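To start, the structure itself, in C-alpha cells.
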Amino acid sequence: MGRTIVEKIFDDHRIDNPFEDVHVIRLDVVACHEITTPIAINDLVARGKDRVFDPDRIKAVIDHVTPAKDSKTAAQGKILRDWARRQGIRDFFDIGRNGVCHALFPEKGFIRPGYTAIMGDSHTCTYGAFGAFAAGVGTTDLEVGILKGVCAFRYPETLRINLNGRLPTGVFAKDVILAVIARLGVGGATNKVIEFGGPVTAAMTMEERMTLCNMAIEAGGTCGICAPDATTVDYLWEFIQAEYPDRDKALESFSAYQPDADADYADVIDHDVSGLEPMVTFGHKPDQVKPVAAMTDQKIDQVYIGSCTNGRIEDLRVAAAVLKGRTIAPRVRGIVSPATPKVYRQAMAEGLLSIFMDAGFCVTNPTCGACLGMSNGVLAEGEVCAATTNRNFNGRMGIGGMVHLVSPATAAASAIAGHIANADRYPAEGAQA
Amino acid sequence: MKNFSGNVLFLDRSDINTDEIIPAKYLTEITKAAMGPHLLEDLCLKGFVPGKSTRDKQVVITRANFGCGSSREHAPWALETNGIHVVIAASFARIFRQNMFNCGMLALELPEAQIGTLFDTFAAFETRLEMDLADSAFTLAAEGRRERCIFEISPFDRALVEAGGWVEYADQHY
C-alpha cells in the first residue's frame with residue numbers, strides 16, 4: 001500500500017511507537033512566540049530544566065503584540081527575549097526584525113520539504129505548503145518540544161482535496177479555502193491532514209499555498225500539506241543552493257515527499273473551482289460562507305489587511321491594485337499590516353505603501369495585532385470589519401465586534417465601497433471595466 | 001491524579017471554540033491562575049451566565065467539536081483553575097483534546113446519540129458525576145435518575161493522566 005505525504009514524513013521521524021496509534025516523532029523545528037512560550041519557559045525553570053534540545057532548531061519571534069502595548073505584554077516579550085539570549089537561540093526576531101511568525105519563518109527558509117515542526121500556535125499548519133508536517137500545539141507539547149525535541153501524535157489520516165478546473169480572474173486562494181471550509185465544516189478535517197493537490201494547487205505560488213494551508217485548522221485539520229515541486233524549490237533556492245548542485249537535484253531529493261499513486265486516503269474530494277466567486281464569511285464560524293455578491297448590503301466600519309493568512313507581498317499587491325487612484329469610504333478605517341519587515345520593505349519599494357496611504361489606509365508595523373483582538377485595530381461593540389484574517393469567532397477582534405473574512409481584493413474593494421463589495425467594481429487603472 | 005468527580009455544567013452547543021473558553025485578551029497573562037475569573041466569558045448561550053454558571057462545577061458535558069480554533073492551552077488552564085478536570089463531548093478539536101490529556105485531565109468522547117440522551121435526561125437538573133477511571137466508567141445522578149456510562153480511553157491517554165501529564169510522561173521515557 002502506498003503512502004501519503006504525511007505518512008512518509010512520520011515514517012522518517014518516528015522515534016517511538018509506545019502504543020498502537022501513538023507516534024512520537026522527532027522535530028526539525030520548534031517555533032516559539034511570546035504569547036504561548038513564556039509559561040513553558042517559566043515551567044521549565046520551576047522544574048530545574050531550563051535548557052533546550054537544540055538552540056539551532058528553535059526559532060523564536062515576538063509577533064503577537066509588538067511593540068509591547070502594556071506592562072504585561074512587555075513582560076511576555078522580556079521572558080522570551082531573555083530566554084533566547086540565555087539559551088543561545090540565534091534565530092530570535094525582536095523589534096525591527098520581527099514579523100508574523102507564519103510569514104516570517106517560511107520567508108527565512110526555515111521550513112523545508114519533509115520537515116516536522118510544532119509551534120504553540122494553531123496556524124502552524126501554514127508550513128504544510130512546503131511539504132512539511134507542521135502542527136499547532138499547546139504549551140505543554142511546546143515545552144516538551146523545547147526540552148526534548150519530540151512530540152506525540154496519533155497517526156494522522158489524510159484527506160485529499162483535488163482542486164480542479166481553473167481559478168477565475170479575481171478569485172483567489174483565500175476564496176478557495178473559504179469554499180473548502182464551507183464544504184468540510186469546522187470539524188470536517190479533525191485529526192486529519194488535508195493534502196491539497198490537483199492542477200489549481202500545482203499552479204499556485206508558495207504564498208497562495210500558504211494561504212490554503214493556513215486555514216486547514218479552521219476545518220479542524222492537523223495540518224494542510226502540498227507536495228513539493230519546482231515552485232517550492234524556486235522559493236527555497238536561495239537557502240538551499242549550497243546543499244544541491246542544481247535545482248533539478250533539489251527537486252529530485254524533495255520527490256521523496258510526493259504522495260504515492262496508490263496512497264490510502266481517508267477520503268478524496270474533487271473540488272472544481274472554475275465557477276467559484278469571491279467569498280465572504282457571515283456569522284461566527286469560518287464555515288459560514290457565501291458569495292460576496294450576496295452580502296453587498298453589509299456596511300463596514302473597518303478593513304484589516306494583514307495576518308499570517310493574507311499579509312504577504314502578493315496580498316498587498318492585489319489590494320493595492322484595487323486601491324490605486326481611489327480613496328476609501330469616509331466611514332471606513334483602513335488598516336494594513338505588512339506581515340514581515342521584508343514584505344514592508346518590498347511594499348515600500350514597489351510604491352504600494354503610498355497607494356495604501358493615498359487611499360486613506362493606516363500602515364502599521366508587522367504584528368498579529370488586530371487579527372485576534374490584542375492590539376492595532378480592536379473593534380468596539382457593534383462594529384463590523386472586513387478582514388483578510390482567519391477567524392470570525394465571536395469577540396475575536398474585540399467583544400461585540402463582527403468579522404467578515406475575505407480576500408485582500410475583496411477587503412480593498414469593501415474599504416472603497418463602505419460595505420462588503422466585489423473587486424470587479426474597481427478595475428485596475430487603465431484596464432477595461 | 002486529579003479529581004474527576006463533581007457537579008456537571010451542561011453546555012448545549014457544538015463548536016464551542018477556545019476564544020469563547022478564554023478570550024485572547026487574557027493571553028497576556030503569564031500565570032494559569034489569572035485565567036480563572038474569565039472562563040467562558042465570551043460564550044453566548046441561552047441560560048449561561050459567565051462567572052455564575054461555572055461556580056461549583058467540576059465537569060463539563062457538551063456537544064461536538066469542543067475546543068476548536070486556537071491552540072491556546074489557556075483554555076484547559078481556565079477550566080483547571082476552576083476545578084474542572086473533565087470535559088465529556090461528542091467530539092473534540094485535536095489540539096484541545098491533546099492539551100487536556102497533556103495537563104493530566106480528561107477529554108472523553110461519547111457517541112453523539114448518547115450525549116443527546118444525557119442532555120435529555122440530566123441537563124435540566126443539578127447533576128453529579130462520579131468517575132470510575134479504573135473501570136472506564138462514570139455514573140451520573142440527579143433527582144432519583146441514575147445512569148452509568150462506559151467510555152473508551154486509549155492506553156496512552158490513560159498513561160498521561162496517571163503520570164500527571166505529558167511533561168512527566170516524556171521525562172520518564174525520552
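What you see is a predicted model; the values in this text were computed from it and never measured. Only this structure's heavy atoms are used, side chains among them; waters, hydrogens and symmetry mates stay out.
Looking at every heavy atom in both residues, B:Tyr174 comes nearest to A:Lys148 through O-NZ, 2.8 Å.
For a residue to count as touching a neighbouring chain, one of its non-hydrogen atoms must lie under 4.5 Å from one of that chain's; by this rule A:Asn42 touches chain B with the side chain only. When heavy atoms are compared at a cutoff of 4.5 Å, A:Val378 does not approach chain B at all. When heavy atoms are compared at a cutoff of 4.5 Å, B:Ala75 does not approach chain A at all. In this structure, the portion of A:Ile15 lying under 4.5 Å from any heavy atom of chain B is its side chain and not its backbone. Contact of B:Glu41 with chain A is not made at all, since no heavy-atom distance falls under 4.5 Å. Proximity to chain A (any heavy atom under 4.5 Å) is shown, for B:Ser154, by neither the backbone nor the side chain. For B:His173, no part lies under 4.5 angstrom from a heavy atom of chain A. Heavy atoms of B:Pro155 lying under 4.5 Å from chain A belong to its backbone as well as its side chain. Neither the backbone nor the side chain of A:Leu44 comes within less than 4.5 Å of any heavy atom in chain B.
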Step by step, would you call A:Lys49 with B:Asp171 a salt bridge (charged side-chain N to carboxylate O under 4.0 Å, His left out)?
-> CA-CA 10 Å; A:Lys49 296 176 188 297; B:Asp171 226 28; 2.9 Å; yes
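A side-chain contact (heavy atoms from CB on, under 4.5 Å) with B:Asn102 holds for exactly one of A:Thr140, A:Val144, A:Leu142; it is A:Thr140.
Within the model, atoms SG of B:Cys68 and CZ of A:Arg391 stand 8.0 Å from one another, a figure rounded to the nearest 0.5 Å.
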